[in-house]
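Have a look at the structure below, then the notes.
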Amino acid sequence: VEQEGRVSNGCIAQPLPFLTTAVMAACSGLTVVDGEVVGDPLERAALQAVGWFMIGTDLVASKVGKGADRLQVLHRFPFASELQRMAVVVRHQGPGCGHQGSADGAGGARTEHDRWLALVKGSCEALRPRLREVPDNFESLQAKLSKAGFRVLCLAAKVLPPETTKGVDPTQMVRESLECDLEFCGMLVLRNAIKAQTSKTVKQLRRSYHRVLMITGDNPLTACQVATQVSMAEGKFLVLEPAEKEALSASPAVSSNGQADVAVQRPTLEWRSQDDPSKTPKTFSVAKLKDLTRKYTLCLPGKALSLLTDEDLEALAPFVTVFARVSPQQKEQVVTALNKKSHTIMVGDGTNDVGALKHAHVGISLLTSEVPASILPAASGRTQQQVLSDQAPIVRLGDASIASPFTYKGDSIKCSLHILRCGRATLSTVLMMYKIMGLNSVLSAF
């Protein structure tokens, strides 16, 4: 897993086993619309990296013509934020050739397969307990890559025995039985290039005394590194996690009849340094938050957030810079907690952000998905962005624009500056209008 695959002309130069290639090619939410592959840009990049083709809806092949490996998606279990993984059941037909490798089989012998596979990808922490065998350097490599700002996905798969698939409806298969005893197929390391305007926009917002926060489903280490790169934070990060000894503390809970006589045991939380794990953890205390933020930048993962009371979250949220590995429901919780202390503007680009965008005082959605060329009007010599800028936003399945009051036809957070400037200009105009009306009334009276 430590070998680095370099990319040449869009394809990985590193040879890959067939199962690894299959997960990268078929375990995705991509589809075909009017002859164009549409979906998550990172999933499209993974398909291109192994040199496979999407020749139809739910059908991918290693090449066009005879002798190709073909994967037909029989059933898809979509990505769920709560589970942090997705899975597909596919039918594989072909020799089982890996990317730039030989065919599966003893001595490289060519064997034509017709079998069912379970392909799974997701976060490393979600898939680790489901692997048949875990590499020794699994955790250390994941931490190293995440600290470098990469998005790391674990790839896993298994061949389904013929006796368990014969005459079985794939849509009726139990997900839990497919996502166990998996073979580790590698780590898919992705980098989302930071757009040029992002850091500049964040600096402008901070100079104008606005707090800039990140709420993401990514790994805390990755999120903290990205926050530093975009000038969202300068200090060293502390991450809130349950105590290693899992010491339990009693906290009162109000029962349905209004009596606080029921005790609930919950894990003790503590702040840990990601830069220097040898440092002694600091016990979580709401009273010490202000002093803590003078020296450190705080990160709150979803696991710790789920252990906080509503009162603790309301007190903690204004001091946290990065909320990582959170679910869509937790994004709503964070925005609701921030609303009680201040006014919020949220910028989001996916269906995971819909609930939070609705709860924010000002919600702005970004249209980041590419529109298939076949549905764009003819415009010689003009870019897709120029064509879109002259039209009403095209709402596609998955866009956060369904729920947000504002939609920006682009993928940059600089739209937040436009909203703030327009809002302040409107406020100044209204105030000036009332002043003029008042002066006019006074002058008319005399």
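Values below: all heavy atoms of this structure, side chains included; hydrogens, waters and symmetry mates excluded. What you see is a predicted model, and the numbers here were worked out from it, not measured in a lab.
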Inset, instruction - Start with the C-alpha gap between Lys203 and Val230, add the side-chain angles, then the distance that decides, and say whether side chain to side chain contact (heavy atoms under 4.5 Å, CB included) holds. - result: CA-CA 8 Å; Lys203 289 178 179 178; Val230 299; over 6 Å; no
Could you tell me which non-hydrogen atom of [X] sits nearest to which non-hydrogen atom of [Y], and how far apart they are?
X	Y	answer
Leu178	Ala118	O-CB, 4.0 Å
Phe18	Cys97	CD1-O, 3.5 Å
Met187	Cys124	CE-SG, 4.2 Å
His359	Gly355	ND1-O, 2.8 Å

When you measure from the side chain of [X] to the backbone of [Y], do you find a donor-acceptor pair of N or O atoms at a distance under 3.5 Å?
X	Y	value
Ser146	Ala143	no
Thr228	Cys224	yes
Arg272	Pro242	yes

With sequence neighbours excluded, tell me which residues meet side-chain contact (heavy atoms from CB on, under 4.5 Å) with [X].
X	answer
Ala157	Leu19, Val23, Leu119, Cys185
Ala87	Phe77, Val120, Glu179
Phe284	Leu240, Leu269, Trp271, Val286, Leu289, Leu308, Asp312, Leu316
Val73	Asp58, Arg76, Val88, Val90

Is [Y] paired with [X] through a side-chain N to carboxylate O contact shorter than 4.0 Å?
X	Y	result
Asp218	Arg325	no
Asp291	Arg294	yes
Glu176	Arg130	yes
Glu314	Lys340	yes

Quiz item: Can you pull the ring-ring contact (aromatic ring centres under 6.0 Å, His included) pairs that have at least one residue in residues 310-351, sequence neighbours excluded?
Solution: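 Found His343-His361.
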- prompt: Taking atom types as modelled, is there a side-chain donor on Thr407 or Ser365 under 3.5 Å from an acceptor on the other?
  reply: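 Yes, because at least one side-chain N or O of Thr407 sits under 3.5 Å from a partner of the opposite role on Ser365.
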Original post:
Who pairs with Thr198 by side chain to side chain donor-acceptor pair (under 3.5 Å), at least two apart in sequence or on another chain?
Top reply: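 Per chain and number, Thr198 pairs via side chain to side chain donor-acceptor pair (under 3.5 Å) with no residue.
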